[in-house]
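Presented below is the structure to which this report refers.
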There are 2 protein chains.
Amino acid sequence: MTAPSGRRERKKAATRQKIADTALRLFLERGYDAVGIREVAAEADVAVTTLFSHFASKEALVFEQDEDFEQRLTQAVTGRAPHELLIPALRSEVQALVRHCTADSAAPIWRMIDESPALRKYEESMRLRHAETLATAIAADPELSRTATASRTIARFVIDAYSLAREAAEPQAAVDEIFGMIEAAWEATRPSRRT
Amino acid sequence: MTAPSGRRERKKAATRQKIADTALRLFLERGYDAVGIREVAAEADVAVTTLFSHFASKEALVFEQDEDFEQRLTQAVTGRAPHELLIPALRSEVQALVRHCTADSAAPIWRMIDESPALRKYEESMRLRHAETLATAIAADPELSRTATASRTIARFVIDAYSLAREAAEPQAAVDEIFGMIEAAWEATRPSRRT
DNA sequence: GACCGTAGCACTAACGGTTAGCTTTTAAAA
DNA sequence: TTTTAAAAGCTAACCGTTAGTGCTACGGTC
């Protein structure tokens, strides 16, 4: 029960991947709204219930690897070198993430997302989850020692930076501009010391 | 056609109000998820299609007067006294909004919202709409003259302040804390002058 | 006051995402 | 091998939402 040793896991992962690939392909070919769940399931040769045992909702099919995103952000906090400053670390991670999702190859997917209200909504609440996770990581860092509110706030601001930059005319420049503001906000929360 | 003169409008408004009141009552009595649209319509004595001609979705029944919220925020920008500073004006407006929705009388409604994922999602995307509206108001103010990105960013931050403070242990204090950060971020965007 | 145009509402029937209940397959453990 | 439980399947339904179609009554016009 504690040592899951192989084949079953591989098959499950394969099924999951096949569903995700099929879904994305159909969505890009004919539009997200024009493709039904029953159709995706049929094309991936699985039952509808199987599809929903792998993905919580139709929208989740599109944001298949959103956990990567979440982990990269928290990694930027928890995995940074000793005494490496928080904001610059987050800035370069967000820079990378924005570059990644404004790349030409990702364009059709994001166009699809922007065009579907359901997908936009889903992404928005995903971002809030990510902000909460990031806030927890920031609040847990003993080097930083900020209040819970300050941690949550900065986390939100960082996620906002990602979201705003992605939609800006010049994403890279927008990241820099917004992080200038975040840097200032962060400095304003520096706890007063007695040293 | 241009002079809507009375009875029809009153009847329509009455129907709308009756639906909203009935829905809210049922939702609070038995829980948002436990009450179906068909049931709300029956209790309000209208057809389901009528209900949907007044409200775009089930969630919209709960956020009936969200336009007030939006207008109060933009008013805080466009309607402030000459030379009155932007951030303090927004701060007191957000302070008022937070006080309003953390009042005891509003508690059951917000508890209901917090407990329903659908309602949370809906509120989240509502907030993004509000942020965009606010951003437009800020960008349009000639006294401020900030970039489009800076305007959007500050607008997001302000909406974040509202949302974070509402959930904080001490909402009023949280507003002050977050607005301290926003103030700093805003200062960082001050356009360089040649005076 | 009679006459249209149309806004508001009703009804039925359906569509699409999602879930519950129950059975079958199949990998892993004994 | 036998047992067990996870993974997958099928059916049938629930619920929010919408299309299609008509009826009714109000508002403006002659």
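Values reported hereafter were calculated over all heavy atoms of this structure, with side chains retained and with hydrogens, waters and symmetry mates removed. Quick caveat: nothing in here was measured; it's all calculated off a predicted structure. A note on names: the letters A, B, ... follow the listed sequences, proteins ahead of strands, and every chain is numbered from 1.
In this structure, CD1 of B/Ile37 is placed 12 Å from P of D/dC15, rounded to the nearest angstrom. Straight-line distance from the CG atom of A/Asp33 to the P atom of C/dG16: 11 Å, rounded to whole Å. When rounded to the nearest whole Å, the span between CD of B/Glu39 and P of D/dC15 equals 9 Å. Distance CZ (B/Phe52) to C1' (C/dG8): 17 Å, rounded to an integer number of Å. A straight line from CZ of A/Phe27 to P of C/dG16 spans 13 Å, rounded to a whole angstrom. Remark: P of D/dG16 and NZ of A/Lys121 are 14 Å apart, rounded to the nearest angstrom. In this entry the distance linking CD1 of B/Ile19 with C1' of C/dA10 reads 12 Å, nearest Å. Remark: P of D/dG16 and CG of B/Leu61 are 10 Å apart, rounded to the nearest angstrom.
Within 4.0 Å (heavy atoms only), A/Val35 reaches sugar-phosphate atoms of the nucleic acid but no base atom.
Between A/Arg190 and A/Glu187 a salt bridge is recorded (basic side-chain N to carboxylate O distance below 4.0 Å). Salt bridge status for B/Glu167 with B/Arg120: present, with a side-chain N to carboxylate O gap under 4.0 Å.
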**OP:** Mark up nucleotides 5-12 of chain D, 5' to 3', with B wherever a protein heavy atom is under 4.0 angstrom from a base atom, S wherever such an atom reaches only the sugar-phosphate, and - elsewhere.
**Re:** BBSSBBB-

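Under the salt bridge (charged side-chain N to carboxylate O under 4.0 Å, His left out) criterion, A/Glu93 pairs with A/Arg72, not counting sequence neighbours.
Two different hydrophobic clusters hold A/Phe179 and A/Leu85 under the rule that ILVMFWY side chains link at heavy-atom gaps under 4.5 Å.
Counting heavy-atom neighbours within 6.0 Å of A/Arg152 CZ, excluding the residue itself, gives a total of 12 or less. No more than 12 heavy atoms of other residues, nucleotides or ligands shown are found within 6.0 angstrom of CD on B/Glu67.
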